[in-house]
Amino acid sequence: MKFPIPAILIVFLFGFVSATKQQDPLVDLEAISDDFIYEIRYATPNNFLGETLYDCAQCLLRPEVADALVEANKYFQEKGYRIRIYDCYRPLDVQKKMWSKVPRATYVGNPYGNGSIHNRGAAVDMTLETLEGCFVEMGSEYDHFGRAAHIDNYDFSKEILANRKLLFEGMRKFGFSPIRTEWWHFSFRKNTGYGVLNTPLPCN
Ligand SMILES: C[C@@H](N)C(=O)N[C@H](C)C(=O)O
Ligand SMILES: [Zn+2]
């Protein structure tokens with residue numbers, strides 16, 4: 001099949017621009033919006049490893065992922081909720097520590113395989129709370145690695161199922177997909193196009 005030269009050039013340029021864009025540096029979510037609540041668990045010992053893994057509590061994401069999350073948060077705010085962030089970008093070395101404790105790809109991305117979408121700055125772990133700061137029950141604790149966290153488990157009260165529905169529907173509208181085994185984890189679309197990073201969080 002023959003393509004005219006300008007068409008080939010346009011396809012090439014589009015590919016180049018979008019590949020470059022996907023390697024854009026990470027942005028700090030707090031610098032672009034004041035409307036999130038942060039509880040970065042891996043910056044505290046209150047996590048499944050029981051140790052502090054980050055030197056500071058920051059939510060870094062690829063720019064287009066951060067922008068989409070801001071839009072998702074606006075959507076939830078209109079409904080009386082807001083996003084509480086548990087984790088964003090995660091350096092590959094931290095992923096290795098997690099894997100040494102839980103080497104199960106259903107719950108922790110394999111750092112010796114494709115890595116985690118968190119390592120690419122394109123995933124977020126989060127929940128919802130009301131605008132008054134009240135807890136919204138999702139059926140399990142964050143990082144509970146078991147059936148109570150699975151999104152295809154419907155063995156919950158109507159209230160919990162409604163809360164999960166709100167969460168998943170809202171996130172999907174803005175390009176985020178959940179994973180089957182963790183209700184709190186959302187990966188942004190086209191996520192494997194972003195490179196894996198191992199830069200520590202730039203704490204000042
Ligand atoms: C460890 C947990 N919070 C998580 O993010 N798991 C997914 C599968 C990941 O590591 O990418
Ligand atoms: Zn996650």
Side-chain angles (χ1 to χ4, degrees), residues 22 26-29 36-62 64-66 68-69 72-73 76 83-129 136-153 163-164 167-168 170-172 174-201:
Q22 289 185 6
L26 304 177
V27 293
D28 186 341
L29 188 65
F36 292 89
I37 300 296
Y38 297 90
E39 186 186 347
I40 307 292
R41 289 286 189 91
Y42 306 133
T44 77
N46 181 18
N47 59 60
F48 73 98
L49 285 129
E51 59 175 298
T52 303
L53 301 165
Y54 299 160
D55 290 338
C56 60
Q58 275 183 337
C59 172
L60 302 184
L61 292 167
R62 299 287 179 181
E64 62 176 322
V65 181
L69 199 60
N73 201 29
F76 291 125
I83 293 175
R84 173 175 285 259
I85 305 269
Y86 291 135
D87 194 31
C88 297
Y89 163 66
R90 183 189 302 159
L92 187 65
D93 281 348
V94 172
Q95 194 72 26
K96 289 181 180 170
K97 270 196 175 172
M98 292 180 172
W99 183 256
S100 66
K101 172 102 176 184
V102 179
R104 296 166 69 189
T106 38
Y107 295 117
V108 174
N110 182 349
Y112 304 103
N114 287 334
S116 164
I117 307 302
H118 287 284
N119 307 146
R120 301 167 189 270
V124 60
D125 290 348
M126 52 168 272
T127 189
L128 297 177
E129 65 177 37
V136 173
E137 179 60 79
M138 293 292 176
S140 85
E141 246 292 334
Y142 172 54
D143 276 353
H144 166 84
F145 299 141
R147 203 171 131 62
H150 295 187
I151 71 168
D152 56 358
N153 178 358
N163 292 342
R164 284 186 174 196
L167 175 68
F168 302 144
M171 292 303 282
R172 277 189 202 283
F174 298 92
F176 293 89
S177 309
I179 56 173
R180 192 188 64 81
T181 49
E182 299 178 353
W183 60 258
W184 55 82
H185 176 105
F186 294 91
S187 300
F188 193 61
R189 60 173 175 252
K190 298 182 291 171
N191 49 55
T192 46
Y194 302 107
V196 167
L197 300 168
N198 194 26
T199 318
L201 295 177

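Keep in mind it's a predicted model, so treat the numbers as computed, not measured. Start at 1 and go down the list; that is how both ligands and their atoms are numbered. We use all heavy atoms of the structure for the numbers below, so side chains are in, but hydrogens, waters and symmetry mates are not.
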message = With a heavy-atom distance limit of 4.0 Å, tell me whether Tyr142 approaches ligand 1 through its side chain, its backbone, both, or neither.
response = side chain
ask   = In the protein, what heavy atom is nearest to atom 10 (O) of ligand 1, and what distance, to one decimal place, separates them?
value = Gly109 N, 2.9 Å
task = Record the part of Asp143 in heavy-atom contact with ligand 1 below 4.0 Å; permitted values are side chain, backbone, both and neither.
result = side chain
Which atom of Asp125 approaches the Zn ion (ligand 2) most closely (N/O/S) = OD1
ask   = Is there a donor-acceptor contact under 3.5 Å from the side chain of Asn153 to the main chain of Arg147?
value = yes
query = Should you measure from each heavy atom of His118, which atoms of ligand 1 turn up under 4.0 Å away?
reply = 5 (O), 11 (O)
query = Among all protein non-hydrogen atoms, which one is nearest to atom 5 (O) of ligand 1, and what is the separation to 0.1 Å?
reply = Arg90 NH2, 2.8 Å
inquiry  = Under a 3.5 Å cutoff, is there a donor and acceptor pairing between the side chains of Asn46 and Tyr142?
reply    = no
note = The protein heavy atom nearest to atom 11 (O) of ligand 1 is Ser116 OG, 2.6 Å
ask   = Is NZ or CZ of Arg41 both nearer than 6.0 Å to the six-membered ring centre of Tyr86 and within 45° of the ring axis?
value = yes
task = Without swapping roles, check the side chain of Arg164 against the backbone of Met138 for a donor-acceptor pair under 3.5 Å.
result = yes
query = Closest non-hydrogen protein atom to atom 6 (N) of ligand 1, residue and atom name please, with distance?
reply = Tyr107 O, 2.8 Å
Arg84 side chain to Glu129 backbone, donor-acceptor under 3.5 Å = no
inquiry  = What I want to know is whether Asp125 and ligand 1 share at least one N or O pair that is separated by under 3.5 angstrom.
reply    = yes
message = Is it the case that the ring center of Phe145 lies less than 6.0 angstrom away from the ring center of Tyr107?
response = yes
query = Near Trp184, which atoms of ligand 1 are under 4.0 Å from a heavy atom of that residue?
reply = 3 (N)
query = Can you name the N/O/S atom of His185 that is nearest the Zn ion (ligand 2)?
reply = ND1
ask   = How far is atom 4 (C) of ligand 1 from its nearest protein heavy atom, and which residue and atom is that?
value = Glu182 OE1, 3.3 Å
ask   = Considering only heavy atoms of Ile179, which atoms of ligand 1 have at least one such atom less than 4.0 Å away?
value = 8 (C)
request  = State whether the side chain of Asn119 and the backbone N or O of Leu197 hold a donor-acceptor pair below 3.5 Å, judged by distance alone.
outcome  = no
inquiry  = Could you check whether Arg189 pairs with Glu64 (Lys NZ or Arg NE/NH1/NH2 to Asp/Glu carboxylate O, under 4.0 Å)?
reply    = no
query = Asp87 and Tyr54: side-chain donor and acceptor closer than 3.5 Å?
reply = yes
request  = Consider ligand 1: state whether an atom of it lies below 4.0 angstrom from any non-hydrogen atom of Asp87.
outcome  = no
ask   = Just wondering, do Phe176 and Val65 contact through their side chains at under 4.5 Å, heavy atoms?
value = yes
Ligand 1-proximal atoms of Tyr42, by part, heavy-atom distance under 4.0 Å = side chain
